[in-house]
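In what follows, every chain begins at residue 1, and chains take the letters A, B, ... in the order their sequences are listed. All heavy atoms count here, side chains included; hydrogens, waters and symmetry mates do not. Bear in mind the structure is a predicted one, so any value in this text is a computation, not a measurement.
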Amino acid sequence: MTLRINNLSKTYPNGVKALDNLNLEIKQGMFGLLGPNGAGKSSLMRTLATLQSPDEGNIFFEDIDILKSPMELRKVLGYLPQDFGVYPRMSAMDLLDYLATLKGIASKQERNELIKQVLDITNLYEVRKKYVDGYSGGMKQRFGIAQLLLNNPKLIIVDEPTAGLDPAERNRFLNVLREISSSNIIIFSTHIVDDIKDLCNDMAIMNGGRILNKNKPSEATKEIESKIWTSNINRENLEETEQNLLVLSSKYNQDNSINIRVYANEQPSSNFASTTPNLEDVYFFALKNNL
Amino acid sequence: MFFAIFKFEIKYWLRNWSFYTYLSIFFLMALLSMAGASGAFGEGSATTENMANSPMSIYGFINFFNKFLLFLIPAIVGNTIYKDYKSNFNGILHTYPFTKTDYLFAKFTSAFLMVCLIAFSVVLGLILGTKLPTVNPLQILPFDAIPYLQTYFIYLIPNLFLFSIVVFSIVLLSRNTYTGFVSIVLIWLLKEIATRLVGAEGLVSLLIDPFGESAVHYFTQYWNLFEQNINSLPLQPIIFINRLVWVFIGIIIFIATFRWFSFNQAPFSIRFKINKSERITKNNFGSINKIRLIKPKFVFSFFRQIKTSWKLSQVDFVFIIKNGTFISIIIAGMLFVAAILLQMNPQTDTKTLPVTWVILSFPVFFFSFLIQILTFLYAGILVHRAKNAHISDLISTTAVPNWVLLFSKFLALVKMQIVLLSLIMVVGITIQINNNYYEFEIQHYLFDLYIIHLIGFIIWALISLLVQSIFSNTYLSLFLLILGILGISQLPSLGAENFVFRFNESPNADFFLKYSDMSGYGHSLSPYLLYKLYWLVFGLFLFCVTLLFGQRERTNSILERFKIALKRFNGKLALISTTLIVSFVCFGFYLFEQENKDENKIMSSKNEAKLLSLFQNKYGKYEHTIQPRITSLFVKLDIYPETNSFIAKGKYTLINKTENTIDTLLIKQGYDEITTLHFGTKATLVDEDKIFKFYIYKLEKGIAPNDSININFTITNQKNTLLTQNSNILKNGTYLKSDIFPRLGYFANTEKRMPNDSICLANHYQSIDADLINFEAIVSTTPKQIAITSGNLIKEWLEDGRRYFHYKMEKPIKFVFGFNSGEFAVFKENYKGVDLRVYYHPKHIYNIHQMMAGLKSSLDYNMFYFGAYPYKQVHIIEFSRSEGSYATTAGNCIQISEIRFISDARNIKEGGIDLSFYVAAHELSHQWWGNQVIPADALGATMITESVAEYITAKTYEKKYGKPSALKFLKLQRNRYLSGSANETEQEPPLYLVNPEQSYISYGKGAIALYILSEFIGETELNNTLKEYLDKVKFQPPPYTTSIEMLDYLKKAIPDSLQYLIQDMFEKNDREKILYHFDKIIERNNASQ
């Protein structure tokens, strides 16, 4: 099962180049798309989900040419957008029934059965009769998954799904995704590095419409092995340090000193200690290197 | 803070392209309307004699645009509030440190100012409309700013203020522009209901109208043309009070809203159930689950898609129906329909029974507009529903095809339309029951509402879906669609008269009002359905276009939408849409050809006057050519109701009653018929005008004085086509008039002469080619029907599957007769030696007794005062209302339209008008006044026939029902005279010079004038004088009598002291004097009660 993205480009009327000759190949399993806000992740997600057309390029999912035959992809697609609304005054059951009908499930019996199952999985069964427009943020995201699962999708696209969820919800959400990733492709975009770390068997870092780095998470950290250094400095020295070194990240310590992590081929000074690179380092390095 | 918000809002609107769109649309509409009325687009466009920019005219225009502007208010005033909520910006905005005073006042005044600006563009458009270079300077008055300012500030601004406040408050309450829009519809409906229930009299009715229209109408309704052009707007105190009252109401509403509103509250909603409050906590802290889902079957077959469409449409339909605002529209709509139906029978007029076709014709006419608007609106709400709920991403990524989604919305709209149409049936049946009328004719309701009307609404649904799919702004699309309706109605005046161009219109505009219990829809049904099919094909094509351009994927430019449309245009969609448009165009060519084939088409309204004057120029020299007189007619007429056709074979005997030989015959044939002539002597055709069917023959051997010739002729109707029926033969209730027969002489002289002009005494008022003729006819029809014409029935028999009737008139009659055929029941009675019969449609049993009573009372009265009834029989015959709604006398027959047969006379005791009694009595009086006294062909002829007949009828009515009832009827005549006088475009003539068309004078004024005379000199005295006159002139050959002669008799009977009455009422055209006399009689009568 492969998703091939070739030479994808898209420029919006306001001049922003959202996708810049993007190439990507994604295989079965969980694929993480990491990037800052404005990187072009949502544009890519929407294009994959047949919601938008690129200016150039093509996309193939198995043998479906997505741009020429979007309807074929929609039959096996599950999509959870970053932001969505619902029809007011409809219960979860009714709305799922509506969406299941749209997805082509003909038999009422099968629909009812399936709806019950997805509500169970997302733990919404108890509140199935309540109006979805009254759900809390987490419940709404779970509803989003529920509707996504209805048509047994083979390509699942989730756009920044964990933003705004409490830790338990986030955990559960990611577990559900992991469970269904075994026989499908799941692409999920985020700017939370931790989400990718444990779950994804492949990932890419994206910014400015381009892929900066594509690698398995474990491989990616290996690449910058022994090139990451850490130190504590005073607040006043930060700007100077940033000018001299490639500072990846900086954080306040309890005593108001700053802990910085830098990328350098060699130890920059005696104040710096070598440290194991983490995925965040990979991420920041990719971003800053590209500037 | 106020100014900051105010300035911001103003800037927002000034930067908004929709503001400029509205501004230009209104400006242009005003400009074009005024320009058109000023004759800028040619003669035909200025339709009245009114000055285009008289104060009343300006008021009329601004009032019209007022209604339009109302629909703009939600888009501006509503939007100004709504956009804060829609963008969710209110969460932030309302925590800022400005007061609600600042906020509400700033928001309202800025939006209201914008509305006023757009309203002002209407004024500018009107002013500039008179300044266009092509206007006709005779149609406009010099520019005066006063009426514009008066109307703008006294009527327009207060109305806009009131409605803006209402919309503002409601949108604030509900956070939804849609409810603001609906509230306008509701207020309008409520106003219509209230004004109908309250009636036209009294203080309340003038105050209850928020538009201030009823007040203006009250003061100006009887202004004549001159006054309408010159007078400035009435500025009576009551008008100002009305304005102040409604502005005050607006202010109160604003204050109430102001006090209720606070920044941190939830929108207002009405709860019918209080849900139990529950405490809900999360309980999903477990982590990893096994996910095992069933694998359902996915079906994408066509049949399944249809079922899916149906199911989705149910969701949308329920969404529409369950909406509180829609329910309020339904309730208001029902009240509105009820109010209209109640108003059909106002207290002051005659009542009609609530027969099903009556119920259907009036409400549907008014209700249609409401259904159209709701279709436009809900098309938008449904199309944009997913986007507004932000759920479109979820839906667009499912595998549902575009056509399924669009079709489901279409189905939902149609279901909504069906619900609205059902309202009419529900209310209609309720009203029928309420009036104790139980013949519901359910299948008629069903056919009329769900087949005839629904097709039209379906076509509107199809185009609404297209417009709403193209534009993302629901209200802009709504606006454009309303503009579209306006545009379509203007097509004829822009030159596109053919119906193939007029979207969703049908060839017989008054089709819905022509249903007859006797002949059904007649011939108008097939052309109607044909054209609806034509536009339906186009509508389906539009559906395909919507599929091409409808939004599914996100697009950023118009170009992208075209690209996507191009991509979608393949396979089945391309095939279907191409087939549809090609069929539509071919169909259109065919219909266009059929329309122009109709020979009568040549006479369009603009052409007719021109062609007539051409004719008069060419043939005017024949005006005084002496012609022989027709002295007898024998005709065999075969009527074929099943095929709507007839064949007539007739013979004229012509006698030369002059002292010179006649060698030229001028013959005008029936306009819609095919006539062949055979002369009894050799005749050559020397000239002809095929348009007017006018032929000039030279006789080889002229007709010597007192000699006679025969002319045999055959007449058939032109072949009936798909679109036109060329004969007046109906499947039931046929009434064929004598205008199918060829006539002699120069007919194109339309001017009537003065009665003292001796030339006109040679002819009587109803024909120039005959005095009295011997009449004999054999009429045949289908066995189930009875055929009747003037005369006594000599013989009746069946032959070869046809039924024959042989009639012969025992005395000569005028050349005025008709032929009726229908499935009749007969009600007969012999009274004082006269055989009285009423031939009626078997279901119309309601009024036959009153008609019989009318005949008997009239016989009593006329025989007592004016002599014996000249014939042996009287036939009253009902004819289909598609032939007219009048009554007329021909020989010993009285033809009465079916509409009189369904009068509701059940409330006679409470003082209603017994119209069927009245009509029968009036027509019978013509047997003396019209058939015995036959006036000359001059002005004032109808004074002798109609005025006297009306007077006699008032008297017989008085004898039967008492003086107060008779006076009530005369008051209606008074109003008839008054409103006719107000609409008079020329100088109003005195009664003795009345023109036959001016029935408001001959009937209205004449009835009052003679009645007043009888009150002054006594009934017997007046009647004896009339009898003297009648005895002198009855049945006299030419020279015929005139109104001058009748007045001479009246003058002899009146003492000198009362001669002024004759002058005031008969010889002068002084309106005030006669009304004064009449009102005095009323006063006197009230005093003596």
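Of all heavy-atom pairs between Val315(B) and Met90(A), the closest is CG1-CE, 4.1 Å. When every heavy atom of Met71(A) is checked against every heavy atom of Val400(B), the shortest pair comes out as CE-O, 3.5 Å. In terms of heavy atoms, Lys567(B) sits closest to Leu67(A) at NZ-O, 3.2 Å. Across Leu394(B) and Gln147(A), no two heavy atoms sit closer than the pair CD2-NE2, 3.3 Å. Closest of all the heavy-atom pairs between Ile105(A) and Phe298(B) is CG1-CE2, 3.6 Å.
Neither the backbone nor the side chain of Lys563(B) comes within less than 4.5 Å of any heavy atom in chain A. Only the side chain of Glu560(B) comes within contact range of chain A, with heavy atoms under 4.5 Å apart. Residue Leu95(A) touches chain B through its side chain alone, counting heavy-atom pairs closer than 4.5 Å. If you measure heavy-atom distances from Thr397(B) to chain A, the contacts under 4.5 Å come from both the backbone and the side chain. At a 4.5 Å heavy-atom cutoff, Ser107(A) makes no contact with chain B through either its backbone or its side chain. Using a 4.5 Å cut-off between heavy atoms, Val118(A) touches chain B through backbone and side chain atoms alike. For chain B, the nearby part of Lys10(A) is the side chain; its heavy atoms alone come within less than 4.5 Å. In this structure, chain A has heavy atoms under 4.5 Å from both the backbone and the side chain of Arg554(B). In this structure, the portion of Lys311(B) lying under 4.5 Å from any heavy atom of chain A is its side chain and not its backbone. If you measure heavy-atom distances from Tyr12(A) to chain B, the contacts under 4.5 Å come from the side chain alone. With a 4.5 angstrom heavy-atom cutoff, Arg111(A) touches chain B only via side-chain atoms.
With hydrogens and angles disregarded, no donor-acceptor distance shorter than 3.5 Å links the side chain of Arg89(A) to the backbone of Phe319(B). With hydrogens and angles disregarded, a donor-acceptor distance shorter than 3.5 Å links the side chain of Glu110(A) to the backbone of Lys297(B).
Counting only heavy atoms from C-beta outward, the side chains of Ser396(B) and Thr50(A) never approach each other to under 4.5 Å. When side chains are defined from C-beta on, Asn556(B) does not count as touching Gln52(A), because their heavy atoms never get closer than 4.5 Å. The shortest side-chain heavy-atom distance between Leu99(A) and Ile395(B) falls under the 4.5 Å cut-off.
Heavy-atom contacts from other residues, nucleotides or ligands closer than 6.0 Å to CZ of Phe562(B) number 12 or fewer. More than 12 heavy atoms of other shown residues, nucleotides or ligands fall within 6.0 angstrom of atom CZ in Phe569(B).
For the set Leu150(A), Asn14(A), Asp97(A), the count of heavy-atom pairs under 4.5 angstrom toward chain B peaks at Asp97(A). The candidate from Asn151(A), Leu174(A), Leu77(A) with the greatest count of non-hydrogen atom pairs under 4.5 Å with chain B is Asn151(A).
Relative to the six-membered ring of Phe300(B), Lys75(A) meets both conditions, a distance below 6.0 Å and an angle of at most 45° to the axis.
Atom CG of Asp393(B) and atom CG of Asp83(A) lie 9.0 Å apart (nearest 0.5 Å).
Pairs engaging residues 86-112 of chain A under the ring-ring contact (aromatic ring centres under 6.0 Å, His included) rule: Tyr87(A)-Tyr98(A) [sequence neighbours left out].
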